[in-house]
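Read the structure below first, then the notes.
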There are 2 protein chains.
Amino acid sequence: MAPSSTIPIGELSRLTGCNIETIRYYERIGILPAPVRYGRFRRYDSAGVRRLAFVRRARELGFPLDTVRTLLLLAEGGSHSCDQVRQMAEGQLAEVLAKRADLDRMAAVLGDLVEACGAGDAGGCPLLEALSD
Amino acid sequence: MAPSSTIPIGELSRLTGCNIETIRYYERIGILPAPVRYGRFRRYDSAGVRRLAFVRRARELGFPLDTVRTLLLLAEGGSHSCDQVRQMAEGQLAEVLAKRADLDRMAAVLGDLVEACGAGDAGGCPLLEALSD
DNA sequence: CTTGCATCTGTAGTCACTACAGATGGTAGA
DNA sequence: TCTACCATCTGTAGTGACTACAGATGCAAG
């Protein structure tokens, strides 16, 4: 019944797809609590796996680690503050959309330049000329 | 007729929209050559302005500084190697498209979660639950 | 017995800046 | 003349989120 911490860091890494170095890094900066040790070795339980999986999923959505910290607190403390969570998600969505708009612009310009470059121009490379203005 | 280096770093910054600290940083890492000095003060000429503008434009397309270095060399040395330039641009375009695809996925998930969160759920925050799996 | 594996600690490197602290020199106003 | 302000200078450290190493330790299998 007890969580029985038996999972070594390598297996945690495999289970979550998170680099071992990254796991230790998360511990160092307080995203993950220091786990039980047997001798020098970290051992994790299922709660540890769940916590790291949570972090990974939040990171995959682009939430910065500071926000992940807050999300973890809210997830722990019961979800009374759905409003706050939604606000953070909306902020993150706005970030993502802004970055996507940037990338769209870059892709459009790059696409044009690659095309112009392909249409073998006499004299100079149109891409370099575009950058030189 | 001589380039007559009279532009101080502050004006170069204004002309190119590039932060002063960034200009000095570019100099330190060899992206920009060390300019003429009058006393301790850097003075730039129009060639310096053009070079930095080139760098800025390349950076706006997301080219990493190492690639910008190469582009500068190619732009200087006459544009014999349009092929190489096009290859770099294609690589960069692929990067941009891949990142955009990532952001699309994030935006889709975040959009769904924000929406679910908005539809006031009884019990728990659907967003936190989704992260907790 | 030694080879290999997993783990450990601690530090430094990545990328592209950005932010200071503290010094210097010149001009302009009171 | 004093002082306030401005731009510039050098050098170092901080950012975010890792990643990469060096070098030690301990255990089990061949």
Side-chain angles (χ1 to χ4, degrees), chain A residues 5-32 34-44 48 52 54-72 88 91-92 95-96 98-99 102-103 106, chain B residues 5-32 34-44 48 52 54-72 88 91-92 95-96 98-99 102-103 106:
Chain A
S5 305
T6 51
I7 303 167
I9 197 168
E11 202 186 326
L12 178 62
S13 171
R14 249 167 280 123
L15 286 170
T16 57
C18 183
N19 202 316
I20 289 181
E21 320 262 29
T22 306
I23 296 171
R24 287 198 281 251
Y25 167 70
Y26 284 165
E27 183 184 326
R28 213 161 55 239
I29 65 170
I31 290 280
L32 300 180
V36 168
R37 298 232 179 183
Y38 291 99
R40 319 174 283 135
F41 300 117
R42 293 166 179 84
R43 296 289 149 158
Y44 299 88
L52 180 52
F54 182 103
V55 172
R56 284 275 96 188
R57 278 189 286 265
R59 290 291 301 126
E60 271 161 24
L61 296 177
F63 286 106
L65 283 176
D66 249 25
T67 306
V68 175
R69 239 184 268 269
T70 308
L71 287 172
L72 281 167
M88 288 192 290
Q92 178 55 24
E95 286 287 315
V96 166
K99 275 187 197 149
D102 280 351
L103 290 174
M106 293 184 202
Chain B
S5 305
T6 51
I7 303 168
I9 197 168
E11 202 186 327
L12 178 62
S13 170
R14 250 166 280 123
L15 287 170
T16 57
C18 184
N19 201 316
I20 290 181
E21 320 261 30
T22 305
I23 296 170
R24 286 198 281 250
Y25 167 71
Y26 284 164
E27 184 183 327
R28 212 161 55 239
I29 65 169
I31 290 281
L32 301 180
V36 168
R37 298 231 180 182
Y38 291 99
R40 318 173 285 134
F41 300 118
R42 292 166 178 84
R43 297 288 148 159
Y44 298 88
L52 181 52
F54 182 102
V55 172
R56 285 274 94 190
R57 278 189 285 266
R59 289 290 302 127
E60 271 162 24
L61 296 177
F63 286 105
L65 283 175
D66 247 26
T67 306
V68 174
R69 240 185 269 269
T70 308
L71 288 172
L72 282 166
M88 288 193 289
Q92 178 55 24
E95 286 286 315
V96 166
K99 275 186 198 150
D102 280 351
L103 290 174
M106 293 183 203

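What you see is a predicted model, and the numbers here were worked out from it, not measured in a lab. Convention: sequence-line order gives letters A, B, ...; per-chain numbering from 1.
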In residues 34-42 of chain A, what donor-acceptor pairs under 3.5 Å come from side-chain atoms, sequence neighbours left out?
residue, atom, partner, partner atom, Å
A:Arg37, NH1, A:Arg40, O, 2.8
A:Arg42, NE, A:Glu27, OE1, 2.7

Please tabulate, for side-chain N and O atoms in residues 9-24 of chain B, each donor-acceptor pair with protein atoms closer than 3.5 Å (sequence neighbours left out).
residue, atom, partner, partner atom, Å
B:Ser13, OG, B:Cys18, O, 2.8
B:Arg14, NH2, B:Gly10, O, 3.4
B:Thr16, OG1, B:Leu12, O, 2.8
B:Thr16, OG1, B:Cys18, N, 3.3
B:Asn19, OD1, B:Glu21, N, 3.1

Handout entry: Between C:dC8 (C1') and A:Ile23 (CD1): distance, integer Å
Key = 14 Å
Practice task
Scan A:Tyr26 against the nucleic acid and name what it touches under 4.0 Å (heavy atoms): base, sugar-phosphate only, or nothing.
Solution key: sugar-phosphate
Handout entry: Exercise: identify the closest heavy-atom pair between B:Leu32 and B:Val55
Key = CD2-CG2, 4.5 Å
Practice task
Identify whether any heavy atom of B:Ile29 sits under 4.0 Å from a base atom; if not, whether one sits that close to sugar-phosphate; answer base, sugar-phosphate or nothing.
Solution key: nothing
Exercise for the section: Mind checking salt bridge (charged side-chain N to carboxylate O under 4.0 Å, His left out) for A:Arg57 and listing every partner two or more places apart, or none if nothing turns up? Expected result: B:Asp133
Exercise for the section: Pull out every residue in residues 62-71 of chain A that has a heavy atom closer than 4.0 Å to any atom of DNA chain C, ordered by number, or say none. Expected result: none
Handout entry: Separation of atom CD in A:Glu27 from atom P in C:dT7, rounded to whole Å
Key = 14 Å
Problem - Protein-nucleotide distance (A:Arg56, atom CZ; D:dA17, atom P), rounded to Å - result: 11 Å
Fill in the blank from the handout: To the nearest angstrom, the CD1-C1' distance between B:Ile20 and D:dC9 comes to 11 Å
Problem - With B:Tyr25 via side-chain contact (heavy atoms from CB on, under 4.5 Å) - residues at least two apart - result: B:Arg28, B:Ile29, B:Leu65
Handout entry: Members of residues 7-14 of chain B that approach DNA chain D, where some heavy atom sits under 4.0 Å away
Key = B:Pro8, B:Ile9, B:Gly10
Fill in the blank from the handout: Residue set satisfying side-chain hydrogen bond (donor to acceptor under 3.5 Å, both in side chains) with B:Tyr26, at least two apart, ordered chain then number -> B:Arg56
Handout entry: Distance, rounded to the nearest Å, where B:Leu32 contributes CG and C:dA16 contributes C1'
Key = 14 Å
Quick one: which protein N/O atoms are closer than 3.5 Å to N/O atoms of nucleotides 24-27 of chain C? Pair and distance per line, please.
residue, atom, partner, partner atom, Å
C:dT24, O2, B:Arg40, NH2, 3.0

Practice task
Keeping to residues at least two apart or across chains, list the salt bridge (Lys or Arg N to Asp or Glu O under 4.0 Å) pairs with something in residues 63-72 of chain A.
Solution key: A:Asp66-A:Arg69
Exercise for the section: Please determine if a side-chain N or O atom of A:Arg42 lies less than 4.0 Å away from the OP1 or OP2 oxygen of C:dC8. Expected result: yes
Completion exercise
Whole-Å distance, B:Leu61 CG to C:dA16 C1', equals 16 Å
Practice task
Please work out if B:Arg37 contacts a base, only the sugar-phosphate, or nothing of the nucleic acid, heavy-atom cut-off 4.0 Å.
Solution key: sugar-phosphate
When you compare the protein's N or O atoms with those of nucleotides 19-23 of chain D, which come within less than 3.5 Å of each other, and at what distance?
residue, atom, partner, partner atom, Å
D:dT19, OP2, A:Thr22, OG1, 3.2
D:dC21, N4, A:Glu21, OE1, 3.4

Practice task
Return the minimal non-hydrogen interatomic distance between A:Phe63 and A:Met88, and the atom names on each side.
Solution key: CE2-O, 3.7 Å
Exercise for the section: Please report the shortest heavy-atom distance between A:Pro64 and A:Arg59, naming the atom on each side. Expected result: CA-NH1, 4.1 Å
